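Input: a single structure, listed below in structure tokens.
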Amino acid sequence: MLWSELLEALEATVLVLGADFEVGSIAAADLLSDILATEKEEFVILTGQTTLPAIRTALAVGALGVVVVRGKSVPEETVTIAASLGIPLAVTDAKMFEACVTAGAHMWNSPSSKS
Amino acid sequence: MDPDVVTVGPTQRMREAQQLMRQRRVSGMPVVGDHGLEGIVTIEDIIQALDHGHIEESVGTWMTRDVVTVERRVPVSHAMGVFDRTGFGRLPVLDETGGVCGIITPESILHALLVELNRLLAQDAEHDAAHAVLDHGALRLEFQIAGGDFDSAGLTSVRLKRELANRGVSAECQRRVAIATYEAEANLIIHAAEGGRIVAQLDRDSVRLTVEDNGPGIPDVEQAMTPGFSTATELVRGLGFGAGLGLPNIKRCADHFEIRSAPGYGTKLNLRFDLDADGSGEADSVAESRS
């Protein structure tokens with residue numbers, strides 16, 4: 001599944017643009033500690049965290065993009081730091097569980113999916 | 001937004017609006033009457049008025065009445081979305097009472113974002129490490145971490161990862177060092193009221209990290225190394241930290257892991273990351289707790 005397909009499936013609003021890429025996996029967590037502990041590769045993050053440390057977490061673990069769930073208002077500072085660190089960022093109104101189900105369904109049915 | 005908003009009254013003539021736009025160098029103005037915002041008049045309306053001979057007629061007759069506005073408290077990203085959807089060049093900004101308190105344009109947003117970006121870069125530079133190039137070509141970076149400063153969590157990790165990327169270190173090694181550094185920073189911020197210090201030494205074949213604080217110390221290091229064990233408060237967990245994975249995660253990422261801690265004596269970590277290692281090997285580790 002491509003990043004653009006994921007955003008379309010989640011009806012997400014793009015806050016930081018980036019080139020399209022293949023989403024190999026998804027790490028979904030509100031605890032940054034959980035994200036830091038993941039061993040996934042080529043993955044994107046679904047989270048309810050909108051802070052600066054959330055974006056820095058994405059950089060540390062090499063996440064390819066971040067989608068904020070629950071339609072949270074993302075501070076301008078967070079958008080700016082994501083842009084400066086080159087982390088594509090989007091926000092969806094979907095709640096975490098719904099976002100995971102939707103993303104999973106598209107990922108496993110996507111013609112471009114590796115799985 | 002620009003709070004110095006130029007407005008025109010609905011009974012003023014289009015000619016006056018034209019002169020006002022020229023004098024104040026604006027290309028559109030909210031039309032404000034006795035009951036607040038009534039419409040908007042733009043340079044396009046003025047051109048139409050000149051072309052069709054109604055430049056002496058009232059603004060209220062020729063203004064656009066269906067005005068799209070944004071509220072002062074909404075995020076700028078919302079306004080950007082409105083610009084994107086509508087293609088408009090300006091949006092009146094309304095305060096809590098519905099009064100016009102400013103005007104926002106894509107240019108003013110870009111300007112504000114650049115100012116903010118410069119501020120963040122300056123903040124980043126302030127955080128920049130005291131660094132020194134050692135005799136054998138190694139680089140020594142020292143970072144001071146402030147206790148309780150959750151907004152700064154990850155800054156050292158970002159700084160170190162950037163340095164490793166500049167030195168051509170593999171993405172896999174960058175990731176291990178960045179994660180361990182982030183966890184170490186978070187621990188200092190959460191547990192050491194006076195913060196602590198991270199010293200990184202970048203050699204050709206390894207990265208060595210020393211993390212030390214004068215915080216409360218760990219009574220039982222073995223227990224602290226158990227995934228899920230945490231003494232963090234609910235407040236800290238609400239910020240996304242304190243899941244009890246920090247120390248085990250640092251150990252997972254490092255090729256050598258050594259921890260010394262005792263109540264009242266603070267905590268010290270010595271870590272080594274082999275840059276040519278594949279990261280899959282078991283870390284050799286030393287844990288010591290004085291009681």
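Note that the structure is a prediction, hence the values are computed from the model and not measured. In what follows, chains carry the letters A, B, and so on, assigned in the order in which the sequence lines appear, proteins first and then strands, with residues in each chain numbered from 1.
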For [X], which atoms come within 4.5 Å of any heavy atom of chain B: side chain, backbone, both, or neither?
X	answer
A:Thr38	both
A:Ile35	neither
A:Leu15	side chain
A:Val79	neither

Q | Heavy-atom pair count under 4.5 Å with chain A, highest-scoring of B:Pro248, B:Gly240, B:Ala186, B:Gly154 | A |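 With the most close heavy-atom pairs to chain A, the winner is B:Gly240.
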(Q) Classify the ring geometry of A:Trp3 against A:Phe21: parallel below 30°, tilted from 30° to 60°, perpendicular beyond 60°. (A)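 Aromatic pair A:Trp3/A:Phe21 classed parallel.
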Q) Quick one: CD1 on B:Ile109 to CD1 on B:Ile104, what's the gap to the nearest 0.5 Å? A)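 With rounding to 0.5 Å, CD1 (B:Ile109) is 4.0 Å from CD1 (B:Ile104).
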(Q) So for B:Leu239, is it side chain, backbone, both, or neither that comes closer than 4.5 Å to the heavy atoms of chain A? (A)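 Contact with chain A: backbone only.
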Q: Could you verify whether a donor N or O on one side chain and an acceptor N or O on the other, from B:Ser261 and B:Thr267, lie under 3.5 Å apart?
A: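 Yes, side-chain donor-acceptor contact under 3.5 Å.
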(Q) Taking CE in A:Met96 as the centre, count heavy atoms belonging to other residues, nucleotides or ligands within less than 6.0 Å. Is the count above 12? (A)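 Correct, the count exceeds 12.
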(Q) If you count every heavy atom of other residues, nucleotides or ligands that lies below 6.0 Å from B:Glu96 atom CD, does the total exceed 12? (A)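 Count over threshold, so yes.
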